[in-house]
Amino acid sequence: MNIRSSLAAVIVTYNRLDKLKRVIAALQAQTCLPERVFVIDNASTDETGSWLTQLQKDDPRFQHVRLPENIGGAGGFYEGARVAYEEGYDFIWFSDDDAYPDPNAIELLLTGIKDFEARFTWRPSFACSAVKWTNGDLCEMNTPSTVWDWPRFYSPETPYFLVGSCSFVSVLVPRWAIQKHGFPIKEYFIWYDDAEYTQRIAKSYPGIYCPNSVVVHDVPENKGVNYSLVNQANIWKFRYGARNEASFRRREQGWAGVAVFARGVRRQMRQGNVEKSLRREVYKAIWRGCSFNPQIIRPDPDTGV
């Protein structure tokens, strides 16, 4: 299958059917509806599977991809990227099962990335949206990281800012970036998979932040990933985050990068008066990350998939 200038979407879900229904409704209302929406079902145990099966019968644009076990958001995005790439799509839009795009959100990303390339010849490695919380504030956990010359191309006619990484909540990735840099790392399971991936593909050229493209992220609290917030309820996520970022730092920046990361984590946990037992769990995760080096899987250059 060789589709020219085509668009697919990837949504990863697990046991959030009520929110997923709102996401699907928002996609159906898009001014630029993807030709195919791959909903990666991480072996949900609620009614998600049956609902998606019926949705696919009613509207074949929505494809239910059920995984045999829950392999986390990272595994889900890997599978979605792989399936969409192998189907031949030129652009893939990634987002979460609790993020509701405005009707023109995807169109503005697609228009932005094409307009930027036409005007400035550079090819952005991705285009990401402004992610807002339910009250209209910017969502702290989904704020992209800018590069040093971030406003270089900004003007009222070209409202784009250069960014070096972003989350998987409303990001458009061109096919060439996947072909060159590979797929997301599925072994990360959860946290930092999106930051690692967008930083990796941004080695070719930074991505662009399109503030006019808006998505609402329906999370319980508007808090970013800060190690001062570690507690008994969320330590399992921070363990993954610490391991994964340490792995990335070790690969890309060596031991010096790991040391900078560890010092920052230590400072945040001390400022937040995190329990000493939980601090030890985080330090252990950082240490594990130093030897955690999962393979980056790339498309087969001979077959194009």
Side-chain angles (χ1 to χ4, degrees), residues 5-14 16-42 48 51-52 55-56 59 61-65 73 76-77 80-81 83-84 89-116 124-144 159-161 163 165-174 177 184 193-195 197-198 207-220 222:
S5 297
S6 57
L7 172 66
V10 170
I11 303 293
V12 178
T13 189
Y14 177 70
R16 283 202 287 224
L17 181 56
D18 289 343
K19 292 183 178 181
L20 177 63
K21 289 179 179 180
R22 293 186 60 183
V23 173
I24 298 301
L27 284 174
Q28 291 172 325
Q30 289 297 300
T31 55
C32 182
L33 178 66
E35 287 93 328
R36 189 79 76 209
V37 178
F38 298 99
V39 185
I40 311 300
D41 177 7
N42 249 324
T48 296
W51 188 82
L52 286 174
L55 174 66
Q56 181 173 323
D59 189 345
R61 291 175 299 181
F62 293 87
Q63 294 291 303
H64 178 206
V65 181
F77 283 116
V83 170
Y89 290 94
D90 292 329
F91 293 93
I92 304 174
W93 180 78
F94 298 91
S95 198
D96 217 338
D97 63 353
D98 57 356
Y100 318 130
D102 280 3
N104 62 350
I106 298 178
E107 181 180 9
L108 289 171
L109 293 181
L110 186 61
T111 301
I113 206 168
K114 290 183 174 181
D115 179 59
F116 189 97
S125 54
F126 60 87
C128 59
S129 298
V131 184
K132 297 187 177 182
W133 195 42
T134 52
N135 68 351
D137 291 343
L138 286 176
C139 198
E140 293 183 12
M141 71 181 334
N142 304 119
T143 302
Y160 315 124
F161 301 100
V163 292
S165 69
C166 72
S167 75
F168 276 157
V169 175
S170 189
V171 56
L172 183 72
V173 178
D193 53 313
D194 44 12
Y197 187 65
T198 49
I208 56 172
Y209 171 66
C210 303
N212 294 335
S213 172
V214 177
V215 175
V216 175
H217 199 185
D218 188 4
V219 289
N222 189 14

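By convention here, the first residue in the shown sequence is residue 1.
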Side chain proximity check, V37 to W93, heavy atoms < 4.5 angstrom: no
Which residues share a salt bridge (Lys or Arg N to Asp or Glu O under 4.0 Å) with D96, sequence neighbours left out: R16
Heavy-atom check, side chain of I11 versus side chain of I24, under 4.5 Å: no
Main-chain N/O of L7 paired to E35 side chain as donor or acceptor, under 3.5 Å: yes
Non-hydrogen side-chain atoms of F38 and Y89 separated by less than 4.5 Å: yes
Atom of Q63, atom of R36 and distance for their closest heavy-atom approach: CG-CD, 3.1 Å
Whether F77 and F168 hold their rings parallel, tilted or perpendicular, with breakpoints at 30° and 60°: tilted
Exam field: side chain D97 to backbone Y14, donor-acceptor pair closer than 3.5 Å: yes
Inter-residue atom distance K19.NZ - T13.OG1, 0.5 Å rounding: 10.5 Å
Straight-line distance of L33 CG to F62 CZ, nearest 0.5 Å: 5.5 Å
Donor-acceptor contact present, side-chain N142 to main-chain K132, <3.5 Å: no
Verdict with reasoning, L52 to L20, per side-chain contact (heavy atoms from CB on, under 4.5 Å): CA-CA 10 Å; L52 286 174; L20 177 63; 4.0 Å; yes
N222 side-chain N/O to E140 backbone N/O, donor-acceptor pair under 3.5 Å: yes
Side-chain donor-acceptor distances from residues 101-111 under 3.5 Å, at least two apart:
unit_1 : atom_1 : unit_2 : atom_2 : d
E107   : OE1    : T31    : OG1    : 2.5
T111   : OG1    : E107   : O      : 2.9

Interatomic spacing from CZ in F161 to SG in C128 - rounded to 0.5 Å: 11.5 Å
Stepwise side-chain contact (heavy atoms from CB on, under 4.5 Å) test for V23 and Y100: CA-CA 5 Å; V23 173; Y100 318 130; 3.7 Å; yes
Side chains of Y209 and C166 in contact at under 4.5 Å (non-hydrogen atoms): no
Any side-chain heavy-atom pair of S6 and F91 under 4.5 Å: no
side-chain contact (heavy atoms from CB on, under 4.5 Å) between D59 and Q28, intermediate numbers included: CA-CA 10 Å; D59 189 345; Q28 291 172 325; 4.2 Å; yes
Chi angles and distances behind the side-chain hydrogen bond (donor to acceptor under 3.5 Å, both in side chains) call for S129, S213: CA-CA 5 Å; S129 298; S213 172; 2.6 Å; yes
